[in-house]
Trainee: 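Questions regarding the structure given below will be posed in turn.
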2 protein chains.
Amino acid sequence: MQDDDIANIMRALGHPVRLNILRFLASQQQRECCCGDVTDSLPLAQSTVSQHIKVLLDAGLIERKPHGTRNRYMIRHDRLSEIGTAFGGLLDGLNFQAPHKEAEPA
Amino acid sequence: MQDDDIANIMRALGHPVRLNILRFLASQQQRECCCGDVTDSLPLAQSTVSQHIKVLLDAGLIERKPHGTRNRYMIRHDRLSEIGTAFGGLLDGLNFQAPHKEAEPA
DNA sequence: CGAATTAATCGGTGAATTGCGATGAACATG
DNA sequence: CATGTTCATCGCAATTCACCGATTAATTCG
């Protein structure tokens, strides 16, 4: 994954409202989950929520499925694991030659 | 770690230049590494680089140590592992009750 | 003390982001 | 076909971001 892609994803994750939306979708994973539901769970206008959803969509973090007159949204778990891997790689790269740091006692 | 903190960190990581700076610092970990060095490695003005450094500093990703007339910068590995943990937790939370999803057959 | 060096900070500009209400497209239903 | 629902998208204002050159503070050194 390219630096630009990672940066994009990080930027998409870099807003509390979008983290909330993701968490909400995660918690509703089984049921219908449309824009209105998300909007109801937040103190924001529908258009604003729709914008945030678009950002998440563009970053590939969620997926849209038209369903009658509403759109159903769901988290893209496949991408999440990709991102986890990429992020791990990033951190590893940054840790470079710091050997065993996390178990570091004192 | 709070949602706002995570969002902050993600936003700090959400710019290719800042990823570059981090990588550069990682690669130079042993030597002197001051603002000028970073600036030389990028096609940006010194003031711009200084700004980006400030963002990384504010997000707690790097550390400043004054050293004579220059400042030495280094990655905060302690924070990186914290962030790794927090991010892992975030992803786990988002995966929620999707049981064994990556091996998901149908 | 005066000159040089380094880098943070200031002021400014243009672009992007965040928020809103209003509009309009797509669809279901009477 | 008319009505209602849902939601993406379109302006629009306010704020923040990314970048720059210029200035200034701190420090070293002659």
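When reading the values below, keep in mind they use all heavy atoms of this one structure, side chains included, and skip hydrogens, waters and symmetry mates.
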Trainee: Quick one, A/Cys33 with A/Met74, criterion side-chain contact (heavy atoms from CB on, under 4.5 Å). Give me CA distance, side-chain angles, the key distance, then yes/no.
Mentor: CA-CA 7 Å; A/Cys33 204; A/Met74 51 220 329; over 6 Å; no

Trainee: Considering only heavy atoms of chain B and a distance under 4.0 Å, specify the first and last nucleotide of DNA chain C in 5' to 3' order that meet this criterion.
Mentor: C/dT5 to C/dT9

Trainee: How close do A/Ala59 and A/Arg79 get, counting heavy atoms only, and between which atoms?
Mentor: O-NH2, 3.0 Å

Trainee: Measure from CZ on A/Arg72 to C1' on D/dT6 and round the result to the nearest Å.
Mentor: 14 Å

Trainee: Apply side-chain contact (heavy atoms from CB on, under 4.5 Å) to the pair A/Phe87 and A/Met10, showing each step before the final yes or no.
Mentor: CA-CA 9 Å; A/Phe87 192 71; A/Met10 291 303 149; 3.2 Å; yes

Trainee: Using every non-hydrogen atom in the two residues, find where A/Leu94 and B/Ile75 come nearest and quote the distance to one decimal.
Mentor: O-CD1, 4.0 Å

Trainee: Who are the side chain to side chain contact (heavy atoms under 4.5 Å, CB included) partners of B/Thr48, not counting sequence neighbours?
Mentor: B/Leu44, B/Ala45, B/His52

Trainee: So, does the side chain of A/Thr69 form a donor-acceptor pair with the base of D/dT5 at under 3.5 Å?
Mentor: yes

Trainee: Please identify each residue that fulfils salt bridge (charged side-chain N to carboxylate O under 4.0 Å, His left out) with B/Arg64, with sequence neighbours left out.
Mentor: none

Trainee: How does protein reach along nucleotides 14-25 of chain D, written 5' to 3' as B (base within reach of a heavy atom under 4.0 Å), S (only sugar-phosphate), or - (no contact)?
Mentor: ---SSSBBB---

Trainee: A/Lys54: which residues meet the salt bridge (charged side-chain N to carboxylate O under 4.0 Å, His left out) condition with it, sequence neighbours left out?
Mentor: A/Asp58

Trainee: Please collect all salt bridge (charged side-chain N to carboxylate O under 4.0 Å, His left out) contacts where either partner lies in residues 11-27 of chain A, sequence neighbours excluded, each pair once.
Mentor: A/Arg23-B/Asp3

